[in-house]
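Basis for what follows: all heavy atoms, side chains included, without hydrogens, waters or symmetry-related copies.
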Amino acid sequence: RRRTARRAQASDPQSAREDPGSLEEEASALWRRAYEVERQRLLEMQTLLDGELPSLDKSKRKGGARSLAAAASAAAAGAAMVAVQPSSASWRRAYEALRDANVKLERARAAATGRASEAAVASDGSGEQRARDERDARVAEATLQSALREVSGARVVKDYRSKLLSLTELQDIGLDSEKLAEVSKLREAVGPGTMPLLAALFGEPTSEDKMPALSDVQLTLGLAGSAFRPRTTLDLRRCYVVRGFLRAAAGSQAAGQFLQQVQARLDRRFSGSLVTFLQRERYAVSPALASVAAKSGFEDVGPGSDGEGGAGAAALFIFLRSDLPIPQYYGKPGPFRRILVGFSLVVSVVFCNTVALAARVLQDQPSELLPRMPIQEVTYSPAFGTALSSLDSLALLPIGLVLLLTLAAQEAGRQAAAARYDVELRSGFFLPWPTLGCLGRTWGPEGLLPSRAAELDIVAAGRLAGIAVALLAIIAGLLRGDASQGPLLCEPTRLPLALLLLMGRSFPADKSLDVIGLDSDGAAVAAATSGGLMPVDPLLFGGALALTAQAVGLLPMGGLDGYTLLRGVAGPKVARGLELVTAVLLTVGALGRLGPNADASLCAGALLAWAASAAAAGAAPMPPREDFDDATLHQPRTWLCAALLAGAAAVLLPGRLTPYGVLGPNF
């Protein structure tokens with residue numbers, strides 16, 4: 001190859017200089033062939049394991065399945081990595097990652113089946129043959145590395161469009177009205193916000209991979225005689241959409257099984273380059289959209305148009321995996337990200353222990369430097385709604401301990417639920433807030449979620465674990481009895497109304513109706529702190545703060561867990577509508593215009609949590625692959641999600657997002 005290049009350059013130096021990418025393309029082809037060999041090796045082992053796993057015991061079967069999933073994930077990750085920057089270096093990294101995953105899979109298969117892999121059996125017969133094979137492998141590796149070094153300076157850069165389109169980029173594409181109408185009506189039918197604005201939906205390539213022919217894909221799908229009865233097919237060039245009816249009873253898992261079978265056929269035929277999504281067509285196209293975008297081949301079947309046997313309207317999307325914004329993370333996060341995560345953790349720990357730290361600082365001050373005023377008046381903070389009757393910092397430590405334990409429990413609950421579905425989660429930044437300690441932590445899946453049910457279970461498990469710790473702390477604080485001799489005082493409005501009623505107390509009279517006279521001795525501060533504070537156990541107060549922070553995460557706003565739960569219970573349109581109402585309510589409250597008794601700090605914290613969580617969710621915009629079986633109102637999962645949302649509303653609405661003065665004298 002080098003001699004050929006030198007001869008070409010000697011014969012036509014100008015031509016060689018004008019084509020610096022020729023060697024790069026040749027090296028890319030070499031690494032790509034090596035990657036394809038490893039992917040074929042993976043498919044062969046998958047076929048063997050499909051026949052061997054059912055005969056194994058549960059533990060070995062689970063281990064083999066997990067190793068197979070890891071190898072398949074490595075293959076998909078390699079394809080996604082190459083799609084980002086198609087070069088010889090990226091093909092090499094994809095090949096090496098898949099090669100290592102295949103080695104681990106062979107070892108797991110040998111351990112599970114009790115016999116060595118075919119490569120090990122073949123190598124045991126002859127040590128000389130094994131030595132020759134290893135030597136040939138080293139020579140081949142050295143040749144590939146030499147080619148890579150030779151073309152390291154000749155990088156080919158192709159100008160592909162981003163995978164997600166903005167409205168400005170959509171205008172630049174220059175689509176015809178019929179294509180725009182088809183995509184708009186399709187996205188409206190599956191629900192607003194379900195399918196992001198992908199470039200593939202408009203036929204725009206974002207990678208060098210070629211979409212297989214529609215006839216080839218249809219033949220591979222094998223929908224004849226299946227639970228899916230196709231009706232029409234949309235050819236969007238970089239995406240095929242098969243619309244029809246799926247016979248699947250709610251909660252029967254038939255939709256998920258059908259999608260797995262279809263994906264397995266496509267993987268065998270196209271080596272994992274295609275990925276499928278099954279979405280329910282929930283809504284009829286709105287009259288406004290139908291009138292504006294009338295010219296299209298989209299046939300509106302509507303959500304109530306069922307086929308034979310009570311089948312529901314569904315859409316089967318087929319994408320190139322390289323065209324989708326699938327989050328894939330390789331190894332540990334970078335140093336800058338680790339620094340930011342560590343900084344957010346430190347700030348969260350400090351905010352969780354603000355009251356104890358303040359008591360410690362005042363405790364270390366000489367008595368002559370403190371104002372000659374009662375400790376209660378010195379330590380009263382209108383922002384926190386708390387005051388101290390004594391500077392006992394150790395007695396105040398349970399507040400921060402409960403808040404941090406709640407975060408740890410929530411993380412453990414999510415990870416445990418994700419493990420049931422073989423989903424890898426990547427945790428992000430902590431969300432510190434002064435008055436609540438920490439509002440939670442951003443998170444997202446690595447890859448694609450298998451189903452909407454898996455997403456709901458992961459979200460609900462995390463919130464249930466956090467709420468359980470908060471409730472246990474509240475119960476422990478109540479059981480400790482009278483807190484009048486304790487060091488902590490707080491305003492009643494800082495506690496949930498249901499907890500106050502359980503303690504035999506209620507919200508005070510509406511302060512906006514009182515007239516407070518100011519004088520030079522600070523009588524106003526005394527008036528505000530004398531009758532408006534109640535003694536509270538630090539353990540109970542920490543549990544109340546943790547419960548409020550969990551409720552903030554359950555607000556129906558995009559990116560927060562509450563939006564996910566509400567969407568699963570009531571559908572995307574209801575979730576979008578309540579998101580708008582909640583955003584307006586929080587904005588007005590953060591500006592102090594919701595009323596004198598509403599908690600402006602909590603409203604501002606909720607807006608911060610919304611912004612950070614929405615940004616984290618933007619890194620994984622794709623919906624779960626199976627989003628058909630969502631009509632599950634009689635399942636315990638849906639009732640649990642509804643109970644979590646109702647509990648969050650009971651915690652936040654009275655006295656926080658709604659001025660408690662409007663509740664009337666009975667409260």
Side-chain angles (χ1 to χ4, degrees), residues 332-364 379 381-386 388 393-394 396-415 425-444 462-463 465-466 469-470 473 488 490 494 538-539 541-555 557 559-561 586 589-590 599-619 652 656:
K332 296 181 179 180
F336 183 70
R337 179 182 175 86
R338 290 200 298 269
I339 291 174
L340 290 180
V341 172
F343 178 75
S344 66
L345 174 60
V346 171
V347 176
S348 298
V349 172
V350 172
F351 284 172
C352 289
N353 294 276
T354 299
V355 178
L357 291 174
R360 182 64 181 177
V361 170
L362 292 176
Q363 190 177 10
D364 292 340
T379 57
S381 170
F384 289 87
T386 58
L388 301 178
S393 58
L394 292 178
L396 297 170
L397 285 179
I399 300 175
L401 181 62
V402 170
L403 292 173
L404 295 176
L405 284 177
T406 303
L407 290 176
Q410 184 179 354
E411 182 75 14
R414 276 198 299 260
Q415 295 290 348
L425 299 181
R426 183 178 177 88
S427 299
F429 304 100
F430 294 89
L431 305 175
W433 192 250
T435 57
L436 292 176
C438 185
L439 297 174
R441 190 179 187 184
T442 62
W443 64 279
R463 290 297 167 182
V469 173
L488 184 63
C490 78
R494 300 293 172 168
L539 200 58
F541 185 70
L545 291 182
L547 189 63
T548 303
Q550 292 296 314
V552 170
L554 288 171
L555 286 170
M557 306 182 73
L560 296 179
D561 290 347
L586 292 177
D599 195 339
S601 175
L602 185 141
C603 294
L607 290 175
L608 169 69
W610 176 33
S613 300
L652 292 179
R656 287 179 168 83

Does Ala409 have any side chain to side chain contact (heavy atoms under 4.5 Å, CB included) partners at least two apart in sequence or in another chain, and if so, which? Ala465, Val469

The criterion is side chain to side chain donor-acceptor pair (under 3.5 Å); which residues satisfy it with Glu411, sequence neighbours excluded? Arg414, Gln415, Ser427

If you compare all heavy atoms of Gly385 against all heavy atoms of Arg494, which two are closest, and at what distance to 0.1 Å? CA-NE, 3.5 Å

Between OG1 on residue Thr548 and CG on residue Asp599, distance to nearest 0.5 Å: 9.0 Å

Give the minimum heavy-atom separation between Phe384 and Pro434, together with the two atoms involved. CE2-O, 3.1 Å

Arg441: partners by salt bridge (Lys or Arg N to Asp or Glu O under 4.0 Å), with sequence neighbours left out: none

Least distance between heavy atoms, Ala546 atom then Thr406 atom: CB-OG1, 3.5 Å

Residue pairs involving residues 601-617 (criterion side-chain hydrogen bond (donor to acceptor under 3.5 Å, both in side chains); sequence neighbours excluded): Trp433-Ser601, Thr435-Ser601

Pairwise distance CG(Asp561) to CD(Gln550) - rounded to 0.5 angstrom: 8.5 Å

If I compare all heavy atoms of Pro538 with all of Leu488, which pair ends up nearest, and what's the gap? CA-CD2, 4.1 Å

Reported CG-to-CG distance for the pair Leu554 and Leu560, which is rounded to 0.5 angstrom: 8.5 Å

Which atom names give the shortest non-hydrogen contact between Thr379 and Leu388, and what distance separates them? OG1-N, 2.8 Å

Measuring from atom CD1 of Ile399 to atom OG1 of Thr386, what distance do you get when rounded to the nearest 0.5 angstrom? 7.5 Å

How many angstroms lie between atom CG of Leu407 and atom CG of Leu439, to the nearest 0.5 angstrom? 9.5 Å

How would you list, by chain and number, every residue that makes a side chain to side chain contact (heavy atoms under 4.5 Å, CB included) with Ser348, sequence neighbours excluded? Phe430, Pro432, Cys438

Tabulate below the donor-acceptor pairs under 3.5 Å that side-chain atoms of residues 350-361 make, not counting sequence neighbours, or state none.
from, atom 1, to, atom 2, distance (Å)
Asn353, ND2, Val349, O, 2.8
Thr354, OG1, Val350, O, 3.2
Thr354, OG1, Phe351, O, 2.8

I'd like to know if the side chain of Thr442 and the backbone of Ala616 have a donor-acceptor N/O pair within less than 3.5 Å. no

Which pairs count as salt bridge (charged side-chain N to carboxylate O under 4.0 Å, His left out) when at least one residue sits in residues 340-355, sequence neighbours excluded? none

Not counting sequence neighbours, which residues clear side chain to side chain contact (heavy atoms under 4.5 Å, CB included) with Ala600? List them please. none

By side chain to side chain contact (heavy atoms under 4.5 Å, CB included) - contacts of Ala590 (at least two apart): Cys603, Ala604, Leu607

